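In this text, all values refer to a predicted model and were calculated from it rather than measured experimentally. Chain A is the first sequence line, chain B the second, and so forth, proteins listed ahead of strands; every chain is numbered from 1. Keep in mind that the numbers below use all heavy atoms, side chains included, and drop hydrogens, waters and symmetry copies.
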Number of protein chains: 2
Amino acid sequence: MPKPTLVDVGREAGVSAITVSRALRSPEKVSEALRAKVEIAVKKLGYVPNQSASTLASNKSSSIVVMVPSISNNVFTDVLGGISDALHGSRFNMQIGYTNYDSQEEERILRSFLNPTPSGVIISGLEQTDETRQMLENAGVPVVQIMDISPKPIDMIVGFSHDQAAETATQHLIDSGYKNIGFIGAQMDPRSLKRLAGFKKAIKDNGELREQCIAVTNEPSNVRLGATLLDKLTSQFPECDAVFCNNDDLSVGVLFECQRRGIKVPEELGICGFNDLGISSETVPSITSVTTPLREIGRLAGVMVIGEEGAPSTPIVDLSYTISARESTKRT
Amino acid sequence: MPKPTLVDVGREAGVSAITVSRALRSPEKVSEALRAKVEIAVKKLGYVPNQSASTLASNKSSSIVVMVPSISNNVFTDVLGGISDALHGSRFNMQIGYTNYDSQEEERILRSFLNPTPSGVIISGLEQTDETRQMLENAGVPVVQIMDISPKPIDMIVGFSHDQAAETATQHLIDSGYKNIGFIGAQMDPRSLKRLAGFKKAIKDNGELREQCIAVTNEPSNVRLGATLLDKLTSQFPECDAVFCNNDDLSVGVLFECQRRGIKVPEELGICGFNDLGISSETVPSITSVTTPLREIGRLAGVMVIGEEGAPSTPIVDLSYTISARESTKRT
DNA sequence: TTGCAAAATGATTGCGCAATCATTTATGAT
DNA sequence: ATCATAAATGATTGCGCAATCATTTTGCAA
């Protein structure tokens with residue numbers, strides 16, 4: 001037997017096809033008795049809606065478009081997991097676009113994803129091109145920006161302040177007694193630059209900021225790069241006694257390089273990472289990191305974009321962060 | 001102006017709509033002059049095909065369905081990256097399903113993804129239910145199984161032998177002089193069980209296999225679990241002088257636990273991991289691992305499923321593996 | 001040149017659904 | 001009881017494309 005259509009379900013339930021359609025997609029508009037009849041008929045026939053037909057007729061798809069910079073960065077796989085959780089069981093599916101940290105590419109991909117109009121958009125960061133913002137506003141769908149925080153989102157936003165997180169983390173290093181703190185960063189996207197700004201602020205508030213305490217690169221982050229950048233940092237800033245790293249890949253790489261070079265952590269060098277991706281708590285010594293609510297950001301963004309109950313009442317959600325102080329900054 | 005349709009392009013090019021359709025999706029069936037005219041008109045109007053309409057009319061979507069067990073396991077993010085590379089620039093897009101290591105869930109998801117019929121399916125492993133295999137055969141689309149190898153794939157397959165890889169790795173430990181080798185495993189999916197079988201074979205071929213040399217769990221793998229399982233292993237198998245780990249999370253966790261307990265690696269304990277996920281080469285000491293061509297598996301699967309030029313001529317592709325011998329097994 | 005197969009192009013139709021507008025039925029105020 | 005209004009349900013139509021079949025043009029052997 002061929003796949004049942006709305007007409008088949010309608011015949012089974014003794015109503016018209018369009019009524020079945022309504023019973024399924026806006027149940028509050030039909031009577032309770034009808035809704036029940038339709039439900040039984042749907043179950044009996046094993047009816048599954050045809051997304052393409054629905055999309056074609058309404059010019060609106062059931063996809064939630066998710067734009068992230070990279071698939072291989074664990075930060076975003078955590079976020080995607082949260083979104084996936086939120087969408088699970090709903091009638092929405094996820095359409096993922098990888099921008100490769102490029103606003104122009106983001107615009108290009110988003111343009112193709114906006115036809116037909118999706119049911120919602122989740123997009124990383126605040127740095128969309130003017131055209132992208134324009135497109136999103138014109139689309140007339142819910143938009144949730146994630147990973148950062150701003151008083152003026154395109155529509156909704158859920159994230160935390162990277163400036164503040166980095167400032168707090170740097171202050172933790174200062175409070176731990178470190179005097180010459182360096183910054184190591186890779187993949188310097190806008191959020192990383194904010195972390196650098198927060199770092200600088202904390203340093204300036206407690207003394208003098210010297211340019212040589214910063215070692216960054218635009219290469220994608222990985223563990224080895226942590227070692228490379230530590231080399232760079234210690235050669236240009238020999239008195240360095242602590243480093244704040246852009247992310248956990250780098251902090252782990254720094255720790256390993258210290259082990260290779262016989263630098264004692266935390267006595268001779270304090271280390272703090274960012275995002276607390278799971279390995280930081282396991283290394284020997286364990287590494288202090290900024291714990292960020294990645295999965296929860298994804299989950300909330302998902303809930304907000306589909307307007308499910310349980311969604312926050314405000315369009316701006318700051319989920320904050322915590323400093324997980326561990327052995328790598330525990331100077332006794 | 002509204003979005004241009006095939007009719008608009010046809011008017012612009014002075015031909016009928018259906019001819020434009022043909023010029024775009026099977027250019028070999030139209031004359032060269034026509035193809036050129038259509039191309040110009042498409043560019044001029046900025047025509048973008050409407051996927052929904054195409055899918056509805058043909059009952060066939062332009063999606064490549066990809067079924068993987070988990071999103072958070074880096075093994076699969078690497079594979080997905082490879083598939084993404086292969087599909088980039090083609091007219092196909094990726095639709096990802098997460099089975100959570102459950103064949104029934106896989107069957108359920110795949111059933112929903114098979115309507116409308118996708119252009120191809122990439123699916124992890126060999127352990128599909130009978131119903132799943134049946135569905136895939138009936139669908140009449142290219143199917144590529146990945147991550148494992150078998151002489152009798154559903155359609156095509158690209159991967160490597162987990163038995164052999166584990167056997168070779170275990171033999172490497174034996175050849176390095178270790179006498180009492182243990183096995184540590186988490187997330188014991190079918191491929192992990194094959195690795196265990198390969199391990200057992202190597203041990204038996206060189207002496208006696210004792211049950212207490214195996215410590216496994218079905219929990220999802222993570223670094224901490226490596227430590228937990230090492231504890232279990234050393235308590236039930238105190239004479240253990242080397243461990244082969246199911247994957248790199250565990251081997252890294254084992255190394256860290258050794259550092260905590262003051263066990264010297266590689267002298268007192270040799271360690272070998274699996275998949276070589278990037279951190280193994282960076283730890284101190286660096287950890288021996290089985291390097292597997294994850295990204296290439298994904299890329300080839302993508303090329304094979306869309307039948308692009310450059311695809312292998314045989315439906316069975318064994319990409320093999322290499323043992324990356326590092327400090328963690330270098331007993332002098 | 002003629003004839004005929006093959007190649008190229010066109011006309012019609014329907015995929016399954018939801019937007020729109022039309023109609024019927026229920027509700028409630030007077 | 002009457003009417004106005006709202007709620008519930010139905011009929012028609014078109015979204016943009018490709019399958020199918022029909023027609024025209026081309027190539028080329030005899």
Given dA18(D), dA18(C), dA11(D), which nucleotide is nearest the side-chain atoms of Ser16(A)?
dA11(D)
Between P on dC15(C) and CG on Asn115(B), what's the gap in Å once rounded to a whole number?
15 Å
Given atom CG of Asn50(A) and atom C1' of dG16(C), what is their separation to the nearest angstrom?
6 Å
Quick one: label Leu56(B) by what it contacts on the DNA or RNA (base, sugar-phosphate, nothing), any heavy atom closer than 4.0 Å.
base
The reported gap from CD1 in Ile157(A) to CD1 in Ile123(A) (rounded to nearest 0.5 angstrom) is 11.0 Å
Of the candidates dA11(D), dG16(D), dG16(C), the side chain of Ile18(A) sits closest to dA11(D)
Would you kindly give the OH-to-C1' distance between Tyr47(B) and dC17(D), to the nearest whole Å?
7 Å
Is Val15(A) touching bases, backbone alone, or none of the nucleic acid, heavy atoms closer than 4.0 Å?
sugar-phosphate
Pairing donors with acceptors under 3.5 angstrom, does anything connect the side chains of Gln51(A) and Ser62(A)?
yes
Nearest whole Å is fine: how far is dT26(D) C1' from Leu34(B) CG?
15 Å
Would you tell me if any nitrogen or oxygen in the side chain of Ser58(B) comes within less than 4.0 Å of OP1 or OP2 on dC17(D)?
no
Carboxylate-amine/guanidinium contact Asp130(A) Arg133(A), below 4.0 Å
no
Value in whole Å for how far the C1' atom of dT25(D) lies from CD of Glu32(B)
18 Å
Can you tell me how far P of dA19(D) sits from CG of Leu24(B), to the nearest Å?
14 Å
Rounding to an integer number of Å, can you tell me how far Leu6(A) CG sits from dT9(D) P?
16 Å
Under 4.0 Å, heavy atoms only, any strand: does Arg25(B) hit a base, just the sugar-phosphate, or nothing?
sugar-phosphate
Measure from NZ on Lys60(B) to P on dG16(C) and round the result to the nearest Å.
17 Å
Just checking, any donor-acceptor pair under 3.5 angstrom between side chains of Asn218(A) and Tyr101(A)?
no
Pair Ser192(B), Asp189(B): side-chain N/O donor-acceptor within cut-off below 3.5 Å:
yes
Give Asn59(B) one of three labels, base, sugar-phosphate or nothing, depending on what nucleic acid heavy atoms sit under 4.0 Å from its own.
nothing
By nearest nucleotide on DNA chain D, pick out whichever of Arg22(B) and Pro49(B) is the more 5' one.
Pro49(B)
Closest to side chain of Ser21(A), choosing from dA18(C), dG16(C), dC15(C)
dA18(C)
Return the 5'-most residue of the pair Val30(B), Ala53(A) with respect to DNA chain C, ranking by each residue's nearest nucleotide.
Val30(B)
Nucleotide nearest Ser31(A) (side chain, heavy atoms from C-beta), chosen from dA18(D), dT9(D), dC17(C)
dT9(D)
